[in-house]
Amino acid sequence: MEQRRPLGYWLKLLDQLIEDNLNRVLEADGLHRRHWQAMNLLAPGPDFDRAGRRGPATKEAIAQRLRPFWSGSSVDVDEAVEELKRRGWITEQEPHALTPAGKTAHAALAQKIQRAGRQIRAGVTAERYADAIEVLRQMTLNAEKMHQTAP
């Protein structure tokens with residue numbers, strides 16, 4: 001039965017489908033999910049990563065904060081930052097920040113991304129979604145601890 005597949009199967013499949021769907025949403029704007037993630041990292045708003053860092057950042061910090069996403073991506077951090085600078089959406093100088101045009105573009109793209117997120121989460125209550133996030137967060141912490149202490 002399909003639902004009896006192991007966690008790893010569902011994690012990898014969901015990750016691939018999220019990536020594919022968000023890239024399709026963004027391709028009309030000539031963008032890739034990495035462009036969006038870099039912009040979203042630079043945008044003011046609620047905490048983005050475990051350390052709560054969000055807002056102006058160097059290219060190195062962008063690369064580090066989005067580290068899990070660069071592997072296997074067709075867009076690397078240099079390409080993402082350069083394209084956002086070319087469009088005038090982020091500042092030329094580090095630490096990079098969204099420009100006024102970048103804030104406008106971010107707001108428009110955020111609506112598309114949020115719509116896609118709602119479609120992906122359809123049929124999942126807010127409570128079940130929060131539970132799933134908490135379970136995955138705890139499992140990640142456990143796996144990191146195991147990785148650090150493994151012989």
Side-chain angles (χ1 to χ4, degrees), residues 2-3 5-141 143:
E2 192 72 18
Q3 62 203 31
R5 293 185 185 256
L7 175 69
Y9 171 85
W10 294 113
L11 288 174
K12 288 189 177 288
L13 180 60
L14 179 59
D15 179 60
Q16 178 185 359
L17 290 169
I18 289 171
E19 185 82 1
D20 292 348
N21 282 304
L22 294 184
N23 281 334
R24 281 192 351 209
V25 165
L26 294 167
E27 77 182 349
D29 297 289
L31 298 170
H32 185 278
R33 187 176 178 207
R34 296 311 155 258
H35 297 106
W36 162 253
Q37 288 172 316
M39 285 182 75
N40 200 43
L41 177 76
L42 298 173
D47 292 346
F48 180 82
D49 64 13
R50 288 187 212 162
R53 295 176 297 231
R54 189 166 173 178
T58 63
K59 183 167 54 173
E60 182 179 330
I62 294 168
Q64 182 58 32
R65 293 177 196 170
L66 297 176
R67 183 179 43 84
F69 297 100
W70 299 115
S71 178
S73 176
S74 62
V75 174
D76 65 22
V77 68
D78 292 323
E79 293 171 279
V81 167
E82 288 307 311
E83 179 61 19
L84 297 174
K85 287 192 318 189
R86 186 189 70 72
R87 291 175 183 235
W89 290 355
I90 65 172
T91 57
E92 289 284 333
Q93 302 299 317
E94 292 187 333
H96 298 295
L98 292 181
T99 63
K103 289 176 184 176
T104 299
H106 178 266
L109 292 170
Q111 290 181 351
K112 293 179 180 185
I113 295 296
Q114 289 166 2
R115 190 176 317 116
R118 284 191 301 272
Q119 289 177 303
I120 290 168
R121 293 185 308 274
V124 178
T125 66
E127 182 179 269
R128 289 190 69 199
Y129 180 77
D131 288 345
I133 295 298
E134 179 55 28
V135 167
L136 292 172
R137 186 193 69 79
Q138 185 60 56
M139 290 176 74
T140 300
L141 292 173

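Heads up: numbering here begins at 1 and tracks the sequence. Computed from a predicted structure; not experimentally measured.
- Between atom CG of residue Leu84 and atom NE2 of residue His106 there is a gap of 11.0 Å, rounded to the nearest 0.5 Å.
- In this structure, the side chain to side chain contact (heavy atoms under 4.5 Å, CB included) partners of Glu79, at least two apart in sequence or on a different chain, are Val75, Asp76.
- Salt bridge annotation for Arg86-Glu82: absent, with no cationic side-chain nitrogen under 4.0 angstrom from a carboxylate oxygen.
- Residue Trp70 comes nearest to Ala80 through the heavy atom pair CH2-CB, 4.2 Å, listed as atom of the first residue, atom of the second, then distance.
- Within the structure, ring pair (Phe, Tyr, Trp, His ring centres under 6.0 Å) pairs that include any residue of residues 108-131 do not occur (at least two apart or interchain).
- In this structure Trp89 satisfies the ring-ring contact (aromatic ring centres under 6.0 Å, His included) test with no other residue, sequence neighbours excluded.
- Residues Trp36 and Leu22 are not in side-chain contact: their nearest non-hydrogen atoms beyond the backbone lie 4.5 Å or more apart.
- Here His35 pairs with nothing under the side chain to side chain donor-acceptor pair (under 3.5 Å) rule; sequence neighbours left out.
- In terms of heavy-atom proximity, Ile62 sits nearest to Val81 at CD1-CG2, 4.1 Å.
- Pairs passing the salt bridge (charged side-chain N to carboxylate O under 4.0 Å, His left out) check and including a residue from residues 110-134, sequence neighbours excluded, read Asp29-Lys112, Glu134-Arg137.
- Sorted by first and then second residue, the salt bridge (charged side-chain N to carboxylate O under 4.0 Å, His left out) pairs with a member in residues 92-110 form an empty list; sequence neighbours excluded.
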Q) Checking side chain to side chain contact (heavy atoms under 4.5 Å, CB included) for the pair Arg87/Leu31: CA distance, chi angles, key distance, verdict? A) CA-CA 11 Å; Arg87 291 175 183 235; Leu31 298 170; 3.5 Å; yes
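- Residues Leu26 and Ile113 have side chains in contact (heavy-atom distance under 4.5 Å, counting atoms from C-beta outward).
- Applying the side chain to side chain contact (heavy atoms under 4.5 Å, CB included) rule to Ala61 yields the partners Ala57, Thr58, Arg65; only residues at least two apart in sequence or on another chain are considered.
- A heavy-atom distance below 4.5 Å is not found between the side chains of Leu11 and Met139.
- Going from atom CG of Leu66 over to atom CG of Asn40 covers 9.0 Å, rounded to the nearest 0.5 Å.
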Can you give me every donor-acceptor pair (side chain of residues 14-21, partner residue at least two apart or in another chain, under 3.5 Å) with its distance?
unit_1, atom_1, unit_2, atom_2, d
Glu19, OE1, Arg33, NH1, 2.8
Glu19, OE1, Arg34, NH1, 3.4
Glu19, OE1, Arg34, NH2, 3.0
Glu19, OE2, Arg34, NH1, 3.4
Glu19, OE2, Arg34, NH2, 2.4
Asn21, OD1, Arg24, NH2, 3.4
Asn21, ND2, Leu17, O, 2.8

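- Leu136 contributes atom CG, which lies 11.0 Å from atom CD of Gln138 (distance to the nearest 0.5 angstrom).
- The ring-ring contact (aromatic ring centres under 6.0 Å, His included) test applied to His32 returns no partner, not counting sequence neighbours.
- Residues Ala101 and Gly88 approach most closely at CB-O, 3.9 Å, considering heavy atoms.
- Applying the salt bridge (Lys or Arg N to Asp or Glu O under 4.0 Å) criterion to Arg67, with sequence neighbours excluded, gives no partner residue.
- The distance from the CG atom of Leu98 to the CE atom of Met39 is 5.5 Å, given to the nearest 0.5 Å.
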